[in-house]
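For reference, the structure discussed in these notes is given below.
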Amino acid sequence: MTVQSRANGFNVLWLQSGGCGGCTMSLLCAEAPDLLTTLDFAGIRLLWHPSLSEETGTEAVELLGAVARGDIRLDALCVEGALLRGPNGTGRFHVLAGTGRPTIEWVRDLAAVAEHVVAVGTCAAYGGVTAAGANPADACGLQYDGRREGGALGAAFRSRSGLPVINIAGCPTHPNWITETLMLLSAGLLGADDLDAYRRPRFYADHLVHHGCPRNEYYEYKASAEKLSDLGCMMEHLGCLGTQAHADCNTRPWNGEGSCTRGGYACINCTAPEFEEPGHPYLATPKIAGIPVGLPTDMPKAWFIALSSLAKAATPERLRRNAVSDHVVMPPTVRDIKRR
């Protein structure tokens, strides 16, 4: 095989490591346009994906070898799932089928020749659910181990573009976060300044899940839900972290409609390192003297106490009643507006 020119498209190779495959499942839900149409329109060529490609067995192994040798240009290496370093640093808890080599070794070889390296999902980015608990597999992210830099490739790693690993964090990721990141890379429009402190693309990570949440009116008046079926804000009692979670889930919902909070479940901040180990039940809000420990981003506690007290005092009866019901029991009323 010979090295291909950029004119043949933006070459993407996708590997799956320790995880559930949920980010691929989410990616397949891309719509308007669908995934394959999006990739084709952007000139993105999927060299290989374990779930989507025809090549298997020897054909797949030969393709990976050609990419690792540099015979086929690799513009973006996408890795889904945490990297498994165990047992004892050998990586042999996850051997790439048909090769006899640990997947982590393949990832390191391919990352060395890739123009860009992309961690797809929080497991690949920071370790995620795969690294939870005792972590007997010694799972980690590509360039992070939880909140600590390092991971499988090391803190000093830079791809051939000069960028660190790009972390499309989420559990799972929104399909558009993936396709838009690849399109930006293909067009040369994503640089170091376009990544946040945890190297997530800022086009979605500069937003909060709180933005666009359908429960925001309840939040403003601190009209809180007491159980999952209630309509009220889930921050005060049910552990919702939407005011702290970096993602645009409620302004670009899944399939045009869905998000965790729209589905009646609290945001668990799945785009953040170590979200899998919150130190308390997901659906409980830790408090000190009745004040939630995790406050909205940039909100001093003294301000929260004052604003919360005022908001509760001013809560309309409509919101107070609806907040603890599973349906609207008191609709907004139409009032005549007297003209001066």
Side-chain angles (χ1 to χ4, degrees), residues 22 25-26 28-32 129 170-177 204 207-272 275-276 278 280-287 290-297 299 303-338:
M25 295 298 292
S26 179
L28 291 174
C29 291
E31 58 179 5
V129 172
C171 190
T173 52
H174 192 292
N176 290 7
W177 299 347
Y204 80 87
H207 300 266
L208 293 174
V209 171
H210 180 63
H211 299 160
C213 178
R215 297 173 183 244
N216 277 351
E217 186 182 22
Y218 294 100
Y219 168 81
E220 290 168 2
Y221 284 101
K222 301 301 176 282
S224 299
E226 296 178 358
K227 56 186 181 300
L228 281 179
S229 60
D230 292 345
L231 299 180
C233 177
M234 294 181 284
M235 174 196 164
E236 186 175 13
H237 302 308
L238 297 177
C240 186
L241 297 174
T243 56
Q244 305 165 53
H246 290 252
D248 57 6
C249 302
N250 278 309
T251 54
R252 75 156 109 205
W254 271 254
N255 302 113
E257 294 187 12
S259 73
C260 292
T261 57
R262 288 172 187 268
Y265 197 88
C267 170
I268 60 174
N269 197 10
C270 72
T271 62
F275 87 93
E276 70 279 1
H280 58 82
Y282 282 122
L283 296 180
T285 301
K287 301 175 185 177
I291 303 170
V293 173
L295 294 179
T297 301
M299 172 67 78
W303 292 8
F304 181 85
I305 295 171
L307 290 174
S308 179
S309 298
L310 289 171
K312 284 180 180 291
T315 303
E317 182 62 21
R318 168 178 63 86
L319 294 180
R320 197 184 311 277
R321 292 178 59 186
N322 291 340
V324 291
S325 174
D326 63 358
H327 65 285
V328 175
V329 295
M330 189 173 183
T333 58
V334 178
R335 295 182 179 178
D336 293 330
I337 300 176
K338 295 182 180 180

Exercise. Any donor-acceptor pair under 3.5 Å linking the side chain of Asp230 with the backbone of Lys227?
Worked result: yes
For this session: Give, for atom CG of Asn255 and atom OG of Ser26, the distance between the pair rounded to the nearest 0.5 Å.
Result: 8.0 Å
Exercise. Has the side chain of Ser259 got a donor or acceptor atom that lies under 3.5 Å from a matching backbone atom of Arg262?
Worked result: yes
Exercise. Can you tell me if Asn322 uses its side chain to pair, donor with acceptor, with the backbone of Val329 under 3.5 Å?
Worked result: yes
Exercise. Hey, is the main chain of His210 close enough, under 3.5 Å, to the side chain of Asn216 for a donor-acceptor pair?
Worked result: yes
Exercise. Hey, is the main chain of Asp248 close enough, under 3.5 Å, to the side chain of Thr251 for a donor-acceptor pair?
Worked result: yes
Seminar exercise, completed: Separation between CG (Leu319) and CD (Glu217), nearest 0.5 Å, reads 4.5 Å
For this session: Report yes or no: do His211 and Asn250 form a side-chain donor-acceptor pair below 3.5 Å?
Result: no
Problem set entry | Exercise: identify the closest heavy-atom pair between Cys270 and Cys171 | SG-N, 3.2 Å
Exercise. If we only count heavy atoms from C-beta on, is the Arg252 to Asn176 side-chain gap below 4.5 Å?
Worked result: yes
For this session: Verify, without hydrogens or angle tests, whether Arg215 (side chain) and Leu231 (backbone) share a donor-acceptor contact under 3.5 angstrom.
Result: yes
For this session: Please confirm whether Lys222 makes a cation-pi placement over Tyr219, using NZ or CZ under 6.0 Å from the six-membered ring centre and within 45° of the ring normal.
Result: yes
Exercise. What distance separates Tyr265 OH from Cys240 SG, expressed to the nearest 0.5 Å?
Worked result: 10.5 Å
For this session: Work out which heavy atom in Cys29 is nearest to a heavy atom in Pro175; give both atom names and the distance.
Result: C-CG, 4.3 Å
Exercise. How far does CD of Glu226 sit from NE2 of His237, to the nearest 0.5 angstrom?
Worked result: 5.5 Å
Seminar exercise, completed: What one should report as the nearest heavy-atom pair of Ala225 and Leu238 is CB-CD1, 4.0 Å
Problem set entry | Nearest-0.5 Å distance, OG1 of residue Thr333 to CD of residue Glu317 | 12.0 Å
Exercise. Does atom CE of Met25 have more than 12 heavy-atom neighbours, drawn from other residues, nucleotides or ligands, at distances under 6.0 Å?
Worked result: no
Exercise. Are any of the side-chain heavy atoms of Ser224 and Tyr218 separated by less than 4.5 Å?
Worked result: no
For this session: Start with the C-alpha gap between Leu241 and Ile268, add the side-chain angles, then the distance that decides, and say whether side chain to side chain contact (heavy atoms under 4.5 Å, CB included) holds.
Result: CA-CA 6 Å; Leu241 297 174; Ile268 60 174; 5.6 Å; no
Exercise. Considering only heavy atoms from C-beta outward, does the side chain of Lys312 approach that of Glu236 to under 4.5 Å?
Worked result: yes
Exercise. Does atom CZ of Phe275 have more than 12 heavy-atom neighbours from other groups under 6.0 Å away?
Worked result: yes
Seminar exercise, completed: Separation between CH2 (Trp254) and CD (Glu31), nearest 0.5 Å, reads 12.5 Å
Exercise. Hey, what's the ring geometry for Trp177 with Tyr204, parallel, tilted or perpendicular (30° and 60° as the breaks)?
Worked result: parallel
Exercise. Counting only N and O atoms by type, is there a donor-acceptor contact under 3.5 Å from the side chain of Thr285 to the main-chain atoms of Pro292?
Worked result: no
Problem set entry | Heavy-atom pair of closest approach, residues Gly239 and Ala266 | C-CB, 4.2 Å
For this session: For the pair Thr271 (side chain) and His246 (backbone), establish whether a donor and an acceptor sit closer than 3.5 Å, ignoring hydrogens and angles.
Result: yes
Problem set entry | Short side-chain to backbone donor-acceptor contact, Ser325 and Arg321, under 3.5 Å | no
Seminar exercise, completed: Heavy-atom nearest pair, Gly264 first then Met234, reads O-SD, 3.8 Å
Problem set entry | Smallest separation among heavy atoms of Cys267 and Ala245, with atom names | SG-CB, 3.6 Å
